[in-house]
Enquirer: 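Quick one: the structure is below, questions incoming.
No hydrogens, no waters, no symmetry mates; every other heavy atom, side chains included, goes into these values. Lettering of chains follows the sequences in order, A, B, ..., and the numbering in each one begins at 1.
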Amino acid sequence: MSDTIELLEAIGKDAKLRRASAEELADTLEQAEASDALKAAVVAADSALLAAEFGHQPMRVDQHSNTPGHEEEDPDHDDDQDHPSQPDQGKPSHGQ
Amino acid sequence: MGMTLGSHLTPLARSHIEHADVIFAALSDGVVEMWLRRLHPDVRSLQPYYAEGKSRMKTYRQWVDLMITEVRAGKRVCAVFYGHPGIFAWSPHKVIEVARAEGFEAHMEPGISAEDCLYADLGIDPGRFGCQHFEASQLLLYERRIDSTGYLVLWQVGIVGDRSLARLHTGPEYRQVLVDVLSRDYSLDHEVIIYRGVTLPIDKPRVRRVALRDLPGTEVTTQETVVLPPAMPLKPNLIVRERLDELDKASVA
């Protein structure tokens with residue numbers, strides 16, 4: 001079975017594959033011996049189905065705020081609950 | 001990192017990643033983070049520092065502390081953010097400011113942003129009618145002037161009105177306040193576009209169109225951006241045009 005991350009990168013950088021229809025891409029992935037999860041995600045046009053292979057990985061995307069009243073918040077004075085329970089040291093963070 | 005896995009990472013950004021001692025990552029998709037781990041052996045996710053009930057501002061300051069600590073230790077540090085690291089992102093600007101103030105060399109590389117993808121996927125040229133961008137909450141918390149003859153792009157509508165900075169999302173009643181503010185400049189029938197760009201290359205852009213009055217009852221995630229097309233035609237400025245006519249006549253004479 002082909003590596004799913006490598007296949008995604010290959011699709012992302014290939015003009016033909018990046019704009020291929022779901023049917024065309026499914027054929028390509030079949031020939032490449034892609035994982036069942038990747039093939040299912042392409043057929044359903046739903047990348048959330050990759051969770052079957054990688055697990056559910058919720059990601060926060062908000063990285064900015066103009067809301068007043070938080071200018072002086074100091075992490076040096078946070079209590080323990082403000083720190084991640086398992087600080088990441090290069091290991092995958094599968095969910096929180 | 002840009003927005004889409006495999007498509008947007010610039011050669012220069014990739015080189016920075018490969019030559020760094022340590023990588024910090026704030027990405028929009030777990031699979032993209034896994035891809036990043038293929039590029040470097042020491043990728044430290046910033047995601048675990050978020051927590052419901054904790055101010056996001058505390059999280060962002062923690063990120064700055066984590067990054068600057070490694071810089072002070074003499075490491076070559078690269079922080080990888082989804083999209084463009086300097087657009088709607090507080091900590092990248094802050095950590096560069098802090099590092100430079102302490103005498104370290106620090107800079108930002110641009111990336112393909114959600115805004116860039118929005119223009120391409122929705123077929124919008126911001127130069128045609130002009131385009132305003134606001135964090136949605138800023139429209140509620142401050143008196144801003146909307147120009148409805150141009151495009152209006154609202155970011156972080158999914159958490160609009162959250163003054164605690166501790167919620168994962170806000171509900172219909174908060175979006176209703178946003179609609180009430182917008183209704184000063186737009187008809188409730190006005191079309192609103194809810195857009196989400198592509199993170200994985202097997203996805204398609206998500207584009208939904210609803211009337212402004214229906215925005216409160218429409219679920220909007222923090223990954224989505226709301227666009228209001230122009231509501232009014234551009235109004236000619238006759239006074240300035242006359243002044244320019246006079247200048248043209250004088251330059252010909």
Enquirer: If you measure from CG on B/Leu200 to CG on A/Leu50, what distance do you get to the nearest 0.5 Å?
Expert: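 Answer for the CG-CG pair, B/Leu200 versus A/Leu50, is 6.5 Å.
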
Enquirer: Once you round to the nearest 0.5 Å, how far does CD of A/Gln57 lie from CE of B/Met34?
Expert: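 One finds 5.5 Å between CD of A/Gln57 and CE of B/Met34.
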
Enquirer: Closest approach of B/Leu27 and A/Met59, non-hydrogen atoms and distance?
Expert: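 Looking at all heavy atoms of both residues, the shortest contact is O-CE, 3.5 Å.
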
Enquirer: Which atoms of A/Ala20 come close to chain B, meaning under 4.5 Å heavy atom to heavy atom: side chain ones, backbone ones, both, or neither?
Expert: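 For A/Ala20, the backbone is the part near chain B, not the side chain.
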
Enquirer: Taking atom OG of A/Ser47 and atom NZ of B/Lys204, what is their separation to the nearest 0.5 Å?
Expert: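 Answer rounded to 0.5 Å: 11.5 Å.
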
Enquirer: Could you look at B/Asp203 and say if it's the side chain, the backbone, both or neither that has a heavy atom under 4.5 Å from chain A?
Expert: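 Contact with chain A is through both the backbone and side chain of B/Asp203.
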
Enquirer: Under 3.5 Å, is there a donor-acceptor pair between the side chain of B/Gln47 and the main chain of A/Arg60?
Expert: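 Indeed, once roles are kept as given, a pair shorter than 3.5 Å links the two residues.
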
Enquirer: Show the numbers, then the answer: is there a side-chain contact (heavy atoms from CB on, under 4.5 Å) between A/Leu38 and B/Ile202?
Expert: CA-CA 9 Å; A/Leu38 180 55; B/Ile202 58 172; 4.0 Å; yes

Enquirer: Between A/Asp3 and B/Arg38, is there a salt bridge with N-O shorter than 4.0 Å?
Expert: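 Yes.
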
Enquirer: Taking the side chain from B/Arg56 and the backbone from A/His64, do they hold a donor-acceptor pair closer than 3.5 Å?
Expert: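 A pair under 3.5 Å: yes.
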
Enquirer: Dump the intermediate steps for side chain to side chain donor-acceptor pair (under 3.5 Å) on A/Gln63 and B/Trp90, then the final yes or no.
Expert: CA-CA 6 Å; A/Gln63 300 181 348; B/Trp90 185 87; over 6 Å; no

Enquirer: Tell me, with the steps shown, if A/Asp62 and B/Tyr50 meet side-chain contact (heavy atoms from CB on, under 4.5 Å).
Expert: CA-CA 10 Å; A/Asp62 37 86; B/Tyr50 283 113; 3.5 Å; yes

Enquirer: With only heavy atoms counted, which part of B/Ile159 is less than 4.5 Å from chain A, the side chain, the backbone, both or neither?
Expert: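 For B/Ile159, side-chain heavy atoms alone lie under 4.5 Å from chain A.
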
Enquirer: Select one option (side chain, backbone, both, neither) describing which atoms of B/Tyr60 are under 4.5 Å from chain A's heavy atoms.
Expert: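 For B/Tyr60, the contact with chain A is made by the side chain alone.
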
Enquirer: More than 12 foreign heavy atoms under 6.0 Å from CZ of B/Arg76: is that the case here?
Expert: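 For B/Arg76, atom CZ is not crowded (no more than 12 foreign heavy atoms under 6.0 Å).
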
Enquirer: Main chain of A/Gly12, side chain of B/Ser7: is a donor-acceptor contact present, judged purely on distance under 3.5 Å?
Expert: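 Yes; judged by distance alone, with no hydrogens or angles, the pair exists.
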
Enquirer: When you compare the side chain of B/Asp162 with that of A/Thr67, does any pair of heavy atoms fall below 4.5 Å?
Expert: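 No, every pair of side-chain atoms sits at 4.5 Å or beyond.
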
Enquirer: So, do A/Arg18 and B/Pro201 sit near enough that their side-chain heavy atoms are less than 4.5 Å apart?
Expert: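 Yes, close enough: below the 4.5 Å cut-off.
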
Enquirer: Find the distance between CG (A/Leu8) and OG1 (B/Thr4) and round it off to the nearest 0.5 Å.
Expert: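 It comes to 11.5 Å.
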
Enquirer: Please classify the contact between B/Leu5 and chain A as side chain, backbone, both or neither, with a heavy-atom cut-off of under 4.5 Å.
Expert: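 Contact with chain A involves both backbone and side-chain atoms of B/Leu5.
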
Enquirer: Taking every non-hydrogen pair under 4.5 Å, which of B/Gly30, B/Gly158, B/Ser137, B/Ser91 racks up the most with chain A?
Expert: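 Looking at each of B/Gly30, B/Gly158, B/Ser137, B/Ser91 in turn, B/Gly30 comes out on top.
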
Enquirer: Taking side chain as everything from C-beta outward and backbone as N, CA, C, O, which of these in B/Trp155 sits under 4.5 Å from a heavy atom of chain A? Side chain, backbone, both or neither.
Expert: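 No part of B/Trp155 comes within 4.5 Å of chain A.
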
Enquirer: So for B/Val198, is it side chain, backbone, both, or neither that comes closer than 4.5 Å to the heavy atoms of chain A?
Expert: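 The side chain, not the backbone.
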
Enquirer: So for B/Gln156, is it side chain, backbone, both, or neither that comes closer than 4.5 Å to the heavy atoms of chain A?
Expert: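 The side chain, not the backbone.
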
Enquirer: Measure the spacing between CG of B/Leu9 and CD of A/Glu9 and express it to the nearest 0.5 Å.
Expert: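 The CD atom of A/Glu9 is 8.5 Å from CG of B/Leu9, to the nearest 0.5 Å.
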
Enquirer: Find the one option among B/Thr221, B/Val32, B/Leu168, B/Thr199 whose heavy-atom pairs under 4.5 Å with chain A are most numerous.
Expert: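 Looking at each option in turn, the highest pair count goes to B/Leu168.
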
